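In what follows, a structure is listed as structure tokens, so that the remarks can point back to it.
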Amino acid sequence: MYGSKNAKQKITVYEYLNQQYNTNDSSEYIQRVLVASNKKEFVQVVTIRHSSVVDVFDVVENLDYFEAALNSNPYSFSTGFVYDPFKIKNRLTILPLIRPIYSLYDSSIAGWVFVCISPELFSNAIELYHHSDTESIYLTVGKHILIQRWLLHPDRLQTGIF
């Protein structure tokens, strides 16, 4: 990765990221952590369901929301829930988080981080919320709404993203 001088250092960076990911209690809600440098080097941890063989720079840097997300301060999640750009055909929904990595030497952007957050982070928390059998809960993220409905049978939770 950026600043790594040889293959061994790059493996150490990956092992550290992988360890931090796998020991984090929230990792079940994070499908991908991708750390990339402007030198076209990257390291990522990704769940099997979300893995793919594509050019990560081509995919992420060409997202229509990439520049706005990279430059937003503070981050707004205004993109809302979208399909995982690495698995468009599978229609796997994510909440993307894109943040800049700044150079150690000046304020220039040296790279970026792309994190795919699962909608289950929200839906699982909402499921624990006390509710009646016919109640609906609406979560607005950006211009998008996540709806949780319990219709007649609490065990039949319906989730929709609109």
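In this chain, numbering begins with 1 at the start of the sequence shown. The model shown is predicted, which means the values in this text are computed figures rather than measured ones.
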In chain order, what residues pass the side chain to side chain donor-acceptor pair (under 3.5 Å) check against D64, with sequence neighbours excluded? none

CG on L95 to CG on L121, rounded to 0.5 Å: 8.5 Å

Sorted by chain and number, sequence neighbours left out, side chain to side chain contact (heavy atoms under 4.5 Å, CB included) with V59 holds for V54, P85, F86

Exercise: identify the closest heavy-atom pair between S107 and Y102: O-CD2, 3.4 Å

Flag the pair F122 / Y29 as yes when at least one side-chain heavy-atom distance between them is below 4.5 Å, and no otherwise. no

Do V82 and T93 have side chains that get closer than 4.5 Å, going by heavy atoms? no

Partners passing side chain to side chain contact (heavy atoms under 4.5 Å, CB included) against N62 (at least two apart in sequence or in another chain): D58

Full working for side-chain contact (heavy atoms from CB on, under 4.5 Å) between W112 and V60: CA-CA 10 Å; W112 43 263; V60 177; 3.6 Å; yes

List in chain and number order the residues that pass salt bridge (Lys or Arg N to Asp or Glu O under 4.0 Å) with E28, two or more places apart in sequence or in another chain; answer none if no residue qualifies. none

Sequence-distant partners of L97, side chain to side chain contact (heavy atoms under 4.5 Å, CB included), two or more places apart: Y75, F77, R99, V115, I117

Is the side chain of E61 donor-acceptor paired with the backbone N or O of F66 at a distance under 3.5 Å, no angle test? no

Would V33 and Q20 count as a side-chain contact (heavy atoms from CB on, under 4.5 Å) if you check the C-alpha gap in whole Å, the side-chain angles of each, and the deciding distance to 0.1 Å? CA-CA 11 Å; V33 177; Q20 292 301 309; over 6 Å; no

Those residues at least two apart in sequence (or on a different chain) that pass side chain to side chain contact (heavy atoms under 4.5 Å, CB included) with N71 are E67, I109

Between CD1 on residue I101 and OG on residue S108, distance to nearest 0.5 Å: 12.0 Å

How long is the gap from CD1 on I94 to CG on D84, to the nearest 0.5 Å? 5.0 Å

Does the side chain of Q31 come within less than 4.5 Å of L92's, by heavy atoms? no

Does I30 offer a backbone N or O that forms a donor-acceptor pair with the side chain of Y21 under 3.5 Å? yes

